[in-house]
Amino acid sequence: MDMLKRPRRLRGGELMRRMARETRVDKASLIYPMFVQEGTNSVDEIPSMPGQYRWTVDRMAEKLNSLADAGVSNVMLFGIPDKKDEIGSGAYAEDGIVQKALREAKKEVPNLFYIADVCMCEYTSHGHCGVLCDHDVDNDPTLDLLAKTALSQVQAGADMVAPSDMMDGRVLAIRNILDANGYKETPIMSYAVKYASAFYGPFREAADSAPSFGDRKTYQMDYHNVREAVKEALLDMEEGADIIMVKPCMSFLDVVTKVHQETNVPIAGYSVSGEYAMVKAAAERGWIDEDRIVCEMAVSAFRAGCSIYETYYAEELARYITEGRIG
Ligand code: PBG
């Protein structure tokens with residue numbers, strides 16, 4: 001048969017396929033989200049996230065070292081405080097859980113890059129991402145608290161801050177306070193495009209941060225929208241955001257592509273707790289091949305336009321890259 005164009009030629013063998021690949025994955029792009037808790041000598045598995053744990057500060061170096069050994073160099077810390085209050089004061093306390101963890105991590109495992117999630121929901125008694133006015137989060141007074149939180153995290157050693165609260169104007173508030181305190185070079189990775197999503201369910205169990213009433217729809221985005229993602233991303237860039245995050249990831253790859261096309265900053269995708277839990281649950285039943293699914297999910301994020309990928313599977317992915325299974 002006469003046929004000049006045969007796409008199968010490029011798929012003929014492993015070496016040909018690897019050479020012609022359009023998407024490459026690099027360990028340097030991976031971020032591992034990690035939960036730290038008060039107390040001593042405890043490593044508690046999160047029931048809806050098998051294989052993920054809450055670490056006390058004195059034990060967390062074990063995980064940090066094993067990440068470093070696997071080649072994962074970026075860690076995002078989430079804190080689980082002992083006490084919560086109306087105004088989330090644990091978020092910006094000098095001896096808050098994340099602040100303590102950062103100081104210890106920088107001392108014990110200094111060769112990693114530490115990112116602090118900036119939000120109030122783990123620290124407020126009502127579980128919302130800011131201070132309340134009646135039954136809604138009061139935007140402007142929350143900005144001061146978020147800025148204080150970011151500053152205290154950077155003072156404790158955070159290499160980058162990542163606001164995930166979705167208040168309007170928080171990137172500017174954080175940029176201003178960091179600059180005023182001599183941290184002009186500390187980058188901000190904004191969760192600019194964060195949807196109100198059922199995919200955060202297991203995280204809220206892990207961080208004990210489910211809202212005690214209502215939901216987060218007055219601040220997180222409506223998942224029917226994609227043009228609004230561009231609006232949020234551009235606004236945050238004007239306010240000084242250095243990296244734009246899209247979250248969740250797997251169901252939002254169209255959003256990643258759109259934001260990638262419309263901006264000129266690195267795009268991070270966060271494969272969230274619900275994505276992890278779904279893969280784990282199906283894998284435990286033997287219904288899917290976990291390793292291969294994890295590789296496909298990661299590559300699809302990069303193919304869509306991410307240059308940074310945050311995932312609870314970061315350590316496994318780094319190993320798959322070393323083994324040449326993806327990359
Ligand atoms: C804090 C925050 C959340 C996540 C990251 N930062 C939870 C939420 O907004 O309810 C979710 C991460 C995950 O599900 O893995 N606001």
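Counting starts at 1 for both ligands and their atoms, following the listed order. FYI, side chains are in, hydrogens and waters are out, and symmetry mates aren't considered; it's all heavy atoms of this structure.
Contact check for Q37 versus S42: side-chain heavy atoms found under the 4.5 Å cut-off. The shortest distance between side-chain heavy atoms of Y32 and M76 does not fall below 4.5 Å.
A donor and an acceptor atom, one from each side chain of Y313 and E290, are located under 3.5 Å apart. Between the side chains of S152 and E94, not a single donor N or O lies within less than 3.5 Å of an accepting N or O.
Taking the six-membered ring where tryptophan is involved, the planes of H135 and F213 are tilted, since the angle between them lies from 30° to 60°.
Of the charged side-chain nitrogens involved, none lies within less than 4.0 Å of a carboxylate oxygen, so that D144 and K148 do not count as a salt-bridged pair.
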Under a 3.5 Å threshold, I'd like every N/O contact between ligand 1 and protein atoms, with atom names and distance.
| unit_1 | atom_1 | unit_2 | atom_2 | d |
| --- | --- | --- | --- | --- |
| ligand 1 | 6 (N) | K247 | NZ | 3.3 |
| ligand 1 | 9 (O) | K194 | NZ | 2.7 |
| ligand 1 | 9 (O) | Q220 | NE2 | 2.9 |
| ligand 1 | 10 (O) | R204 | NE | 2.6 |
| ligand 1 | 10 (O) | R204 | NH2 | 2.8 |
| ligand 1 | 10 (O) | R216 | NE | 3.0 |
| ligand 1 | 10 (O) | R216 | NH2 | 3.3 |
| ligand 1 | 14 (O) | S273 | N | 3.2 |
| ligand 1 | 14 (O) | S273 | OG | 2.7 |
| ligand 1 | 15 (O) | S273 | N | 2.7 |
| ligand 1 | 15 (O) | Y312 | OH | 2.5 |
| ligand 1 | 16 (N) | S164 | OG | 3.4 |
| ligand 1 | 16 (N) | K194 | NZ | 3.0 |

